[in-house]
Amino acid sequence: MRSAGTARLLCDAMLAGLARWLRAAGHDTALAGEGRPDAEVLARGRAEGRLLLTRDRRLAEETPGGDVLLLGSDDLDAQAAELVRRLGLDWTHNPFSRCMLDNTPLRPAGPADLAAIPEAARTLPGPFRSCPCCGRVFWPGSHVRRMEARLRGWKGGTPAVR
């Protein structure tokens, strides 16, 4: 089994929420499209050198070669702990360096990006980042601080902070 430090990840459609959290932690995580046939999802994972994360026991059992990791729970906190235990995944790898929506690496926000965020947010210490694909701007508001606390908790194995 590959370690998450070197693996690129692919979440099946059932794990869309987990994919967003993996991206928030800075991991290169693609998401399989809703309703895609298993063979297509597996082919994509292999072509892109990605480890498929799934809750589909049949798919995992029928796929040889270590290309699929079956997660044992549908609870996000349990999945986070399982990825630490089984892959050595670092939940504080490179926080908020990838777009949580489309997985694109973020860039420093430019003047036009900053002008688009609430004025009160512009006084925060940063970093301010934007997605060159979808245009979303990320800043360190209270939602980011709560998410960072949860990521740190997952890394340290403590209960999640919500």
Side-chain angles (χ1 to χ4, degrees), residues 1-36 38 40-42 44-45 47-56 59-60 67-109 113 116-118 121 124 126-162:
M1 185 68 56
R2 296 172 271 194
S3 80
T6 59
R8 298 173 69 215
L9 304 170
L10 173 63
C11 289
D12 69 14
M14 293 187 300
L15 298 175
L18 178 63
R20 282 189 293 277
W21 280 97
L22 287 162
R23 292 169 179 168
H27 295 286
D28 182 356
T29 306
L31 181 62
E34 186 76 34
R36 295 283 183 224
D38 290 348
E40 185 180 311
V41 173
L42 289 167
R44 177 183 178 188
E48 295 178 9
R50 294 181 183 277
L51 174 64
L52 175 63
L53 305 179
T54 187
R55 292 268 304 119
D56 186 337
L59 175 62
D67 294 329
V68 177
L69 178 64
L70 176 67
L71 297 178
S73 175
D74 61 357
D75 176 75
L76 187 59
D77 293 328
Q79 291 170 353
E82 187 172 355
L83 290 173
V84 169
R85 188 176 68 256
R86 295 180 65 192
L87 295 179
L89 189 125
D90 180 358
W91 284 102
T92 59
H93 170 66
N94 193 7
F96 302 100
S97 60
R98 302 190 80 79
C99 180
M100 291 174 19
L101 300 177
D102 58 40
N103 195 41
T104 302
L106 298 178
R107 64 175 188 220
D113 300 317
I117 66 173
L124 296 170
F128 298 92
R129 297 182 176 130
S130 67
C131 176
C133 184
C134 73
R136 183 173 179 175
V137 181
F138 295 84
W139 65 87
S142 61
H143 61 290
V144 169
R145 290 190 300 274
R146 285 190 304 273
M147 290 178 77
E148 285 178 328
R150 193 170 192 186
L151 294 171
R152 283 190 306 273
W154 285 343
K155 178 181 178 150
T158 59
V161 176
R162 294 184 189 192

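For the numbers below, each heavy atom of this structure counts, side chains included, while hydrogens, waters and symmetry mates do not. Sequential numbering from 1 along the given sequence is applied to the chain's residues.
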Identify, with sequence neighbours excluded, every residue that meets side-chain contact (heavy atoms from CB on, under 4.5 Å) alongside Ala13.
Glu34
Rounding to 0.5 Å, atoms CG (Leu53) and CG (Leu22) come to a distance of 6.5 Å
Which is it for Leu76 and Leu18 under the side chain to side chain contact (heavy atoms under 4.5 Å, CB included) test, yes or no, and what are the steps along the way?
CA-CA 7 Å; Leu76 187 59; Leu18 178 63; 3.8 Å; yes
Test side chain to side chain donor-acceptor pair (under 3.5 Å) applied to Glu40 - qualifying residues, sequence neighbours left out:
Arg36
Going through the distances and angles, do Met100 and Met147 end up as a side chain to side chain contact (heavy atoms under 4.5 Å, CB included)?
CA-CA 12 Å; Met100 291 174 19; Met147 290 178 77; 3.6 Å; yes
Quick one: list whatever passes salt bridge (Lys or Arg N to Asp or Glu O under 4.0 Å) with Glu82, sequence neighbours left out.
Arg86
Run the side chain to side chain donor-acceptor pair (under 3.5 Å) test on Ser73 and Asp75 for me, step by step, so that the C-alpha distance in whole Å, both residues' side-chain angles and the decisive distance to 0.1 Å come before the verdict.
CA-CA 5 Å; Ser73 175; Asp75 176 75; 5.0 Å; no
Applying salt bridge (Lys or Arg N to Asp or Glu O under 4.0 Å) to Arg44 and not counting sequence neighbours gives Glu48
Is any side-chain heavy atom of Val84 less than 4.5 Å from a side-chain heavy atom of Lys155?
no
Measuring from atom CG of Leu51 to atom CG of Asp67, what distance do you get when rounded to the nearest 0.5 angstrom?
7.5 Å
Measuring from Cys131:SG to Phe138:CZ, what's the distance to the nearest 0.5 Å?
6.5 Å
Minimum heavy-atom separation for Val144 and Trp139, please, with both atom names.
CG2-O, 3.1 Å
Do Arg50 side-chain atoms and Leu9 backbone N/O form a donor-acceptor pair below 3.5 Å?
yes
Identify, with sequence neighbours excluded, every residue that meets side chain to side chain donor-acceptor pair (under 3.5 Å) alongside Arg107.
Ser130
Minimum side-chain heavy-atom gap Val68-Leu42 below 4.5 Å
yes
Qualifying side chain to side chain donor-acceptor pair (under 3.5 Å) pairs, either residue in residues 11-25, two or more places apart
Asp12-Thr54
Does a side-chain N-to-carboxylate-O contact under 4.0 Å join Asp77 and Arg150?
yes
By side chain to side chain donor-acceptor pair (under 3.5 Å), Thr104 pairs with (sequence neighbours left out) Asp102
Which atom of Ala30 lies closest to which atom of Asn103, heavy atoms considered
N-ND2, 4.1 Å
Heavy-atom pair of closest approach, residues Thr29 and Cys11:
CG2-SG, 3.8 Å
Go through the structure and list residues passing side chain to side chain donor-acceptor pair (under 3.5 Å) with Arg136, not counting sequence neighbours.
none
Evaluate Val137 against Arg129 for side chain to side chain contact (heavy atoms under 4.5 Å, CB included), listing each step before the verdict.
CA-CA 6 Å; Val137 181; Arg129 297 182 176 130; over 6 Å; no
Going by side chain to side chain contact (heavy atoms under 4.5 Å, CB included), Leu52 matches just one of Leu69, Leu15, Leu59, Leu70. Which one?
Leu59
Ignoring hydrogens, what is the shortest heavy-atom contact between Gln79 and Leu71? Give both atom names and the distance.
CG-CD1, 4.1 Å
Main-chain N/O of Asp90 paired with His27 side-chain donor or acceptor, under 3.5 Å
yes
List the atom of Trp91, the atom of Ala80, and the distance in Å for their closest heavy-atom pair.
NE1-O, 3.2 Å
Residues two or more places apart in sequence or in another chain: which of them pass side-chain contact (heavy atoms from CB on, under 4.5 Å) with Pro140?
Leu124, Phe128
Locate the shortest heavy-atom distance separating Gly26 from His93; write the atom from each residue and the value.
O-CD2, 3.4 Å
Measure the CG-CG distance between Leu101 and Leu31 for me, rounded to the nearest 0.5 Å.
11.0 Å
Using the rule given for side chain to side chain contact (heavy atoms under 4.5 Å, CB included), can you reason through Cys134 versus Cys99, listing the C-alpha separation, both sets of side-chain angles and the distance that settles it, and then say yes or no?
CA-CA 9 Å; Cys134 73; Cys99 180; 3.7 Å; yes
